[in-house]
Structure formats: C-alpha cells, structure tokens
Amino acid sequence: EQVAKLRADGEKLQKLGMADKAEAKMLQVLGISPDDAIAWAFVEKRFRATNRFVDLKDLLVKAAESPRLSPEHKMQRLREAAAIAETRLRDVDASVDVYRRMVDLDPDNAETRTAVERILTSAQRWDALVTYLDEETYRASDTDRKYELLQRMADIHLLRRAACRVLFA
C-alpha cells in the first residue's frame with residue numbers, strides 16, 4: 001500500500017516535470033521494495049541519462065544486499081554493478097569489491113573468480129592478487145586446484161613483487 005502510494009506520487013511528479021522529486025520518491029520505493037520494476041526502470045534510466053554511474057553502481061550493490069531478492073536476482077544486480085565499475089568508472093577497487101561479493105554469493109562460479117584475478121593482474125596489484133589467491137587456496141577443495149593456485153602465487157612472488165625480487169636476486 002505504501003509502495004503503491006509512493007510510486008503513484010513519483011509518477012505524478014514525473015509528469016509534472018519534477019524529475020528530482022520523482023527520483024526521490026522512486027528511491028524510497030526501492031528502499032522498501034528493491035524488486036519494484038517500475039521504480040527500477042525509472043531510477044536506472046535517470047541515472048544513465050545523467051551519467052550518474054557511481055550512484056547506479058551503489059544502488060545495484062545495495063539492492064543485492066536485500067534479503068527479499070533471490071540469489072539469481074542478486075547475482076544479476078551485482079553483475080550489472082561490476083560491469084559499470086569496470087567499464088564505465090574504470091574503478092579497480094570497486095569492481096574487485098563487487099566481484100568478491102559475487103564470489104561470496106556463489107563460490108563455485110569460475111567466471112567471477114577469474115574476473116577478480118584478471119582485474120588485479122591488469123592493474124598490477126600483485127599484493128592484492130596474492131592475498132586473493134591465498135584466500136582461493138583455502139576455499140579450494142580440489143588438490144590440483146590448490147597446487148595451481150600455490151604455483152601462481154609463487155610465480156607472482158618471484159616475478160612480479162619488487163620486495164621478493166630483491167631478496168632472491
């Protein structure tokens with residue numbers, strides 16, 4: 001009932017050309033009902049039209065935290081947030097954070113695990129990559145996978161990390 005009233009108010013404000021106030025109403029709707037299709041369509045369109053990709057990414061991440069969304073919808077929201085962080089914002093930290101949330105939600109998803117590795121490698125964040133690979137080693141149940149991860153960590157230590165190159169030179 002409250003959601004319907006807020007949505008109706010938002011639609012009226014939009015028709016009156018009061019986009020900022022309409023946006024505020026639709027954000028209230030999403031705060032109560034994160035899966036409201038009408039509010040999502042309005043807010044997403046508005047954020048994209050005004051190039052507010054940081055706000056859109058943050059909203060997608062927040063929506064994925066909702067207990068009302070199914071795991072599939074949470075993954076979809078996080079996938080969108082990761083794509084925005086990586087391609088639109090070119091924010092390494094934000095994209096890694098979102099992909100890590102996806103890994104936490106679905107640890108068996110190789111695509112998201114690989115994405116974290118790819119981003120950290122391309123950004124040459126060797127310390128963060130080693131830390132991530134170490135976490136993955138503890139998560140892995142397959143002995144071959146653990147060996148592969150340990151080998152990659154050793155390669156990074158020897159070939160990429162400046163402190164280790166000095167020690168072994």
message = If I take atom NZ from residue K25 and atom CG from residue L13, how far apart are they, to the nearest 0.5 angstrom?
response = 7.0 Å
message = As a quick check of understanding, evaluate salt bridge (Lys or Arg N to Asp or Glu O under 4.0 Å) for R101 and D97, giving each step before the final call.
response = CA-CA 6 Å; R101 290 171 188 257; D97 177 60; 3.2 Å; yes
message = If you apply the rule side chain to side chain contact (heavy atoms under 4.5 Å, CB included), what do you find for L78 with L60, and how did you get there?
response = CA-CA 6 Å; L78 289 172; L60 288 162; over 6 Å; no
note = CG (L56) and CD1 (I84) are apart, to the nearest 0.5 Å, by 3.5 Å
task = Can you establish whether the number of heavy atoms outside K146 located under 6.0 Å from its atom NZ is more than 12?
result = yes
ask   = Quick one: are R113 and Y132 in side-chain contact, heavy atoms under 4.5 Å?
value = yes
ask   = Is D55 salt-bridged to R52, going by a charged N under 4.0 Å from an acidic O?
value = yes
inquiry  = Once rounded to the nearest 0.5 Å, what's the spacing between atom CZ of R79 and atom CD of E111?
reply    = 6.5 Å
key: Verdict with supporting geometry, W126 and T121, side chain to side chain contact (heavy atoms under 4.5 Å, CB included)   = CA-CA 7 Å; W126 307 120; T121 300; 4.1 Å; yes
task = Would you name the heavy atoms of A63 and L69 that are closest together and state the gap between them?
result = O-CD1, 3.1 Å
task = Show the numbers, then the answer: is there a side chain to side chain contact (heavy atoms under 4.5 Å, CB included) between V29 and F42?
result = CA-CA 11 Å; V29 169; F42 175 84; over 6 Å; no
message = I'd like to know if E23 pairs up with K45 as an ion pair, taking the criterion as any Lys NZ or Arg NE/NH1/NH2 lying under 4.0 Å from an Asp or Glu carboxylate oxygen.
response = no
key: CA sep, side-chain torsions, deciding dist, call: N109, M102, side chain to side chain contact (heavy atoms under 4.5 Å, CB included)   = CA-CA 8 Å; N109 189 325; M102 293 170 70; 5.6 Å; no
key: Shortest non-hydrogen contact from K57 toward A81   = CG-O, 3.8 Å
ask   = Are V92 and F53 connected, step by step, through hydrophobic side chains (Ile, Leu, Val, Met, Phe, Trp, Tyr) whose heavy atoms are closer than 4.5 Å?
value = no
ask   = Is a salt bridge present between D35 and R77, judged by a nitrogen-to-oxygen distance below 4.0 Å?
value = no
task = May I ask whether L149 and I119 are part of the same hydrophobic cluster, defined by side-chain heavy atoms of I, L, V, M, F, W, Y residues being less than 4.5 angstrom apart, directly or through others?
result = yes
query = What residues, two or more places apart in sequence or in another chain, satisfy side-chain contact (heavy atoms from CB on, under 4.5 Å) together with R139?
reply = V103, D104, E135, E136
ask   = Should the pair K5-D9 be classified as a salt bridge under the 4.0 Å nitrogen-to-oxygen rule?
value = yes
key: Single-linkage hydrophobic cluster V116~L150, side-chain heavy atoms < 4.5 angstrom   = yes
ask   = Between R152 and E117, is the closest basic N to carboxylate O distance under 4.0 Å?
value = yes
request  = To the nearest 0.5 Å, tell me how far Q76 CD sits from S70 OG.
outcome  = 8.5 Å
message = Taking the basic N atoms (NZ, or NE/NH1/NH2) and the acidic carboxylate oxygens, is any pair closer than 4.0 Å for E11 and K15?
response = no
message = I need the minimum non-hydrogen distance between S66 and K74, along with the two atoms involved.
response = O-CE, 2.9 Å
message = Ignoring hydrogens, what is the shortest heavy-atom contact between I32 and P34? Give both atom names and the distance.
response = O-CD, 3.6 Å
request  = Supply the atom-to-atom distance H157 NE2 to D127 CG, rounded to the nearest 0.5 angstrom.
outcome  = 8.5 Å
inquiry  = I'd like to know if L59 and L105 are part of one continuous hydrophobic network [Ile/Leu/Val/Met/Phe/Trp/Tyr, side-chain heavy atoms within less than 4.5 Å].
reply    = no
query = Does V43 share a hydrophobic cluster with I38, counting links as ILVMFWY side-chain heavy atoms below 4.5 Å and allowing steps through other members?
reply = yes
inquiry  = I need the R118 CZ to Y99 OH distance, nearest 0.5 Å.
reply    = 5.5 Å
request  = Kindly indicate whether the side chain of V54, heavy atoms from C-beta on, has any atom under 4.5 Å from the side chain of L89.
outcome  = yes
inquiry  = Between R100 and D93, does any side-chain N to carboxylate O distance fall below 4.0 Å?
reply    = no
